[in-house]
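Here the structure comes first, spelled out in structure tokens, and everything after it is commentary.
As the structure is a computational prediction, the values presented were derived from the model and not from experiment.
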Amino acid sequence: MAKRYFSSSDEEDLATDSKHAPLKSKTKRKPTGHWSQGLLKSMENPDTVVKSDEKCVMINDMYPKARHHYLILPRENISGISSLGKQNLELLHHLLKFGQDYVKTEHSNDDTLIPDYPQFKYGYHAIPSMNRLHMHVISCDFDSPSLKNKKHWNSFTTDFFIDAARLIKMVEEKGRVVIDKEYYESLLKKNLSCHVCRREQRNMPTLKSHIRTHFKK
DNA sequence: GTTCTAGAAC
DNA sequence: GTTCTAGAAC
């Protein structure tokens, strides 16, 4: 059963509204109801939470882009990577270690799917869609029905995905994370390229079947 | 972030 | 005719 960011009643309300109100009176949603605020609800949803401690909460990504895909969010309200400063360095280290420890205990016995390639990666999207700082913990198979388009692909397989260790280094050296929006947006539009052998692929279905050729049978 | 779908690409 | 992508969503 899929976990949802919004209660179905939210959507029914809107549907009812458009049916019975021809003038389409703008139903002003509370900010918390907007899709971009969904992670906060997921953090509070026991069905979605995988593990937590006093500083952070780990949840299952609702639309996993690989066989294993988690998000780790600090309990502290930090809107995103652009809000980070040196005062958050200890937290950033904690989030990374939290994810690595989880993978070590829960996935160390997993069969190696792609030989000579990292099994998991840890990091942040340069331009995230969802509010509240969240670190991705994702297995590198990228074998998932929810991975559907070029943006999905490039957001995990290009430098748009900022490795957690690299992000920490940026904060250590510059005191914050500077995002060149145009540059990172351009990465999302790059041609599809296999993350393992870097060969370009014609389209998504081709790519998705190609990456399977790297899997250990 | 997703869903939906028009029209491009094949 | 079918597959696939990409942009709107009030």
- Task: Return the value, rounded to whole Å, for the distance between atom NE2 of A:H34 and atom P of B:dT2.
- Result: 14 Å
- Message: Could you tell me the Watson-Crick or G-U partner of C:dC10, where both distances fall under 3.5 Å? Say none if there is no partner.
- Response: none
- Message: What's A:P205 touching, base or sugar-phosphate or nothing? Going by heavy atoms closer than 4.0 Å.
- Response: sugar-phosphate
- In this structure, which one of A:H214, A:R67, A:R212 forms a side-chain contact (heavy atoms from CB on, under 4.5 Å) with A:L113? A:R67
- Round to the nearest Å and state the distance from A:W35 atom CH2 to B:dT2 atom P. 9 Å
- Item | Side-chain donor/acceptor of A:T112 to backbone N/O of A:I114, under 3.5 Å | no
- Apply ring pair (Phe, Tyr, Trp, His ring centres under 6.0 Å) to A:H136 and A:F156, showing your working. CA-CA 9 Å; A:H136 292 268; A:F156 287 100; 5.1 Å; yes
- Specify whether A:Y70 and A:H107 have parallel, tilted or perpendicular ring planes, treating 30° as the upper limit for parallel and 60° as the lower limit for perpendicular. tilted
- Taking atom C1' of C:dA6 as reference, at what distance in whole Å does atom NZ of A:K190 sit? 20 Å
- Note on the structure: When rounded to whole Å, the CE to P distance for the pair A:M204 and C:dC4 reads 11 Å
- Query: Separation of A:R202 atom CZ from B:dA8 atom P, in whole Å?
  - Reply: 19 Å
- Note on the structure: Applied to residues 173-199 of chain A, the ring-ring contact (aromatic ring centres under 6.0 Å, His included) test, sequence neighbours excluded, yields A:Y117-A:H195, A:F142-A:H195, A:W153-A:H195
- Message: My understanding is that a pair needs two contacts under 3.5 Å, Watson-Crick or G-U wobble. By that rule, which nucleotide pairs with B:dG1?
- Response: none
- Query: For the residue pair A:F160 and A:H125, does the interplanar ring angle fall in the parallel (under 30°), tilted (30 to 60°) or perpendicular (over 60°) class?
  - Reply: tilted
- Task: Would you indicate, yes or no, if B:dT2 has its OP1 or OP2 atom less than 4.0 angstrom from a side-chain nitrogen or oxygen of A:K65?
- Result: yes
- Message: A:H94 vs A:D53, test: side-chain hydrogen bond (donor to acceptor under 3.5 Å, both in side chains). Steps then yes/no.
- Response: CA-CA 10 Å; A:H94 180 81; A:D53 68 4; 2.6 Å; yes
- Note on the structure: Atom CZ of A:R132 and atom P of B:dG1 are separated, to the nearest Å, by 19 Å
- Query: Just how far, in rounded Å, is P of C:dT3 from NZ of A:K208?
  - Reply: 17 Å
- DNA chain B contacts among residues 139-156 of chain A, heavy-atom distance under 4.0 Å: A:K148, A:K151, A:H152
